[in-house]
Novice: 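Next up is a structure, given as structure tokens.
Protein chains get the first letters and strands the later ones, always in sequence-line order, with residue 1 at the start of each.
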Number of protein chains: 2
Amino acid sequence: MLEIKPTQALRLWREVHLDLVRDTQADLSVRQTAILLTIYLELPPHTVRGLAARLGVTKPVITRALDSMGKLGLVSRKRDEYDKRNVVIQRTVAGALAVEHLADLVTARARELGSA
Amino acid sequence: MLEIKPTQALRLWREVHLDLVRDTQADLSVRQTAILLTIYLELPPHTVRGLAARLGVTKPVITRALDSMGKLGLVSRKRDEYDKRNVVIQRTVAGALAVEHLADLVTARARELGSA
DNA sequence: CGATAATGATACGGCCCCGTAACGATCCGG
DNA sequence: CCGGATCGTTACGGGGCCGTATCATTATCG
């Protein structure tokens with residue numbers, strides 16, 4: 001349970017987004033961010049279909065997001081050996097670092113907030 | 001000053017992003033979000049050049065963002081009558097509502113967070 | 001005045017994402 | 001064994017955003 005006022009929420013959101021813009025690297029879309037965090041916060045295993053249902057989007061959205069985030073080294077894919085139709089999405093070191101970095105940004109900006 | 005743990009920060013970020021994905025409408029980019037919130041949180045007047053400098057991006061980025069957000073009715077533009085080179089960016093009712101809606105999302109999700 | 005600077009907009013080529021529809025591969029039930 | 005269901009991927013047409021370079025308009029200053 002975390003108490004936060006509307007004005008604080010907006011300032012927090014803005015500051016972190018400014019940080020993300022300045023971070024030349026990561027320019028993930030809203031969808032990609034939601035996918036990445038779901039992979040790193042929810043219990044494995046993760047599948048394309050599962051993520052699509054979880055986010056309320058179509059499967060190609062997940063496939064493409066995994067393609068692009070895979071190029072960035074944020075996630076990786078592996079065929080499920082027991083049901084070769086499935087693909088298991090796996091975490092990577094780079095992905096874990098990116099998620100951790102995001103957490104740092106948010107907590108740091110939150111700490112700076114006045115009570116207004 | 002707002003105390004928030006890294007795990008809470010990530011869960012908050014994820015939940016709000018999931019909400020944004022499900023909100024069929026707004027699919028603003030990170031840059032657009034930063035621009036919108038800057039316009040609505042910082043004191044006017046706002047200019048293209050000022051926003052570009054504030055965000056550390058080039059002017060065309062701002063122009064294009066204003067184009068697309070203008071189509072969505074989130075902001076509007078007006079020539080500065082005292083220096084006709086300048087364009088003054090103005091807030092709109094729809095934009096204010098969108099910002100307020102975002103604040104609601106963040107505060108609501110924050111309130112749901114456990115202490116983990 | 002005229003030259004220079006400053007502002008925002010536009011043109012271009014490139015890349016990424018979207019939704020729909022179709023596809024190959026794999027599993028499963030009769 | 002084979003037809004149908006399920007999985008993830010790919011193809012297609014369309015649209016958006018990017019960075020660089022350039023532009024027209026307006027202001028400034030000698």
Side-chain angles (χ1 to χ4, degrees), chain A residues 17-18 20-39 44-90 98, chain B residues 17-18 20-39 44-90 98:
Chain A
H17 278 258
L18 284 176
L20 291 176
V21 170
R22 295 202 193 89
D23 277 6
T24 39
Q25 52 154 2
D27 215 25
L28 298 182
S29 69
V30 173
R31 278 172 158 84
Q32 289 172 334
T33 303
I35 294 170
L36 184 69
L37 289 180
T38 297
I39 293 171
H46 296 288
T47 65
V48 172
R49 175 168 180 74
L51 289 173
R54 191 77 181 77
L55 303 196
V57 299
T58 58
K59 289 187 293 178
V61 167
I62 305 295
T63 294
R64 283 186 297 246
L66 293 178
D67 287 343
S68 54
M69 297 197 300
K71 281 181 194 165
L72 296 174
L74 301 178
V75 298
S76 74
R77 275 183 277 205
K78 198 188 70 176
R79 279 271 161 211
D80 180 348
E81 286 305 321
Y82 300 93
D83 185 339
K84 292 184 179 171
R85 289 174 304 181
N86 290 341
V87 162
V88 179
I89 291 103
Q90 298 179 306
Chain B
H17 278 258
L18 284 177
L20 291 176
V21 169
R22 295 201 194 91
D23 276 6
T24 38
Q25 52 152 1
D27 215 23
L28 298 182
S29 69
V30 173
R31 280 172 157 82
Q32 289 173 333
T33 302
I35 293 170
L36 185 69
L37 290 179
T38 297
I39 293 170
H46 296 288
T47 65
V48 172
R49 176 167 180 73
L51 288 173
R54 190 78 183 75
L55 303 197
V57 300
T58 59
K59 289 189 293 178
V61 167
I62 305 296
T63 294
R64 283 186 297 247
L66 293 178
D67 286 344
S68 56
M69 296 198 301
K71 281 180 195 167
L72 297 175
L74 301 177
V75 298
S76 73
R77 276 184 276 205
K78 198 189 69 175
R79 278 271 162 212
D80 181 346
E81 286 305 320
Y82 300 94
D83 185 340
K84 293 183 178 171
R85 289 176 303 184
N86 291 342
V87 161
V88 180
I89 291 103
Q90 298 177 307

Novice: On a heavy-atom basis, which atom in A:His46 and which in A:Leu51 lie closest, and how many Å separate them?
Specialist: ND1-CD2, 4.1 Å

Novice: Closest to the B:Val61 side chain: D:dC18, D:dT20, C:dT7?
Specialist: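 Ranking D:dC18, D:dT20, C:dT7 by closest atom to the B:Val61 side chain puts D:dC18 first.
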
Novice: Consider the side chain of A:Gln32, meaning its heavy atoms from C-beta on, and name the nucleotide among C:dC17, C:dT7, D:dG19 that approaches it most closely.
Specialist: C:dC17

Novice: Which nucleotide, C:dA21, D:dA27, C:dG8, lies nearest any side-chain atom of B:Lys59?
Specialist: C:dG8

Novice: Checking contacts here: which listed nucleotide (D:dG19, D:dC7, D:dT26) is nearest the side-chain heavy atoms of B:Arg85?
Specialist: D:dT26

Novice: So B:Val87 and B:Arg79, side-chain contact (heavy atoms from CB on, under 4.5 Å) or not? Walk me through it.
Specialist: CA-CA 5 Å; B:Val87 161; B:Arg79 278 271 162 212; 3.7 Å; yes

Novice: Give one of base, sugar-phosphate or nothing for B:Ser29, where a contact means two heavy atoms less than 4.0 Å apart.
Specialist: nothing

Novice: Which atoms form the tightest heavy-atom contact between B:Arg31 and B:Leu55, and what is the distance?
Specialist: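 So the minimum-distance heavy-atom pair works out to O-CD1, 4.3 Å.
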
Novice: Which residue lies toward the 5' end of DNA chain D, A:Val48 or B:Arg64, if each is placed at its nearest nucleotide?
Specialist: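 So the residue in question is A:Val48.
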
Novice: Out of C:dA9, D:dT26, C:dC27, which nucleotide sits closest to the side chain of A:Lys84?
Specialist: C:dC27

Novice: Rounded to whole Å, please give me the gap between NZ in A:Lys78 and C1' in D:dG8.
Specialist: 16 Å

Novice: List the steps, then state whether side-chain contact (heavy atoms from CB on, under 4.5 Å) holds for A:Asp27 with A:Gln32.
Specialist: CA-CA 9 Å; A:Asp27 215 25; A:Gln32 289 172 334; over 6 Å; no

Novice: Grab the CG-P distance between B:Asp80 and C:dG8 for me, whole Å please.
Specialist: 9 Å

Novice: Do the side-chain N or O atoms of A:Arg31 get closer than 4.0 angstrom to the phosphate oxygens (OP1, OP2) of C:dC18?
Specialist: yes

Novice: Is A:Ser68 close enough to C:dC17 that one of its side-chain N or O atoms is under 4.0 Å from OP1 or OP2 there?
Specialist: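 Affirmative; the distance criterion is met.
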
Novice: Just compare C:dG8, C:dC27, D:dG19 and give me whichever is closest to any side-chain atom of B:Thr58.
Specialist: D:dG19

Novice: Look at B:Thr63 and C:dA9 and indicate whether a side-chain polar atom (N or O) is within less than 4.0 Å of OP1 or OP2.
Specialist: yes

Novice: For B:Arg49 and C:dT7, is the shortest distance between a side-chain N/O and OP1 or OP2 below 4.0 Å?
Specialist: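 Yes.
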
Novice: Can you measure A:Asp27 atom CG to D:dG16 atom P for me and round it to whole angstrom units?
Specialist: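 Checked: the CG to P distance equals 18 Å.
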
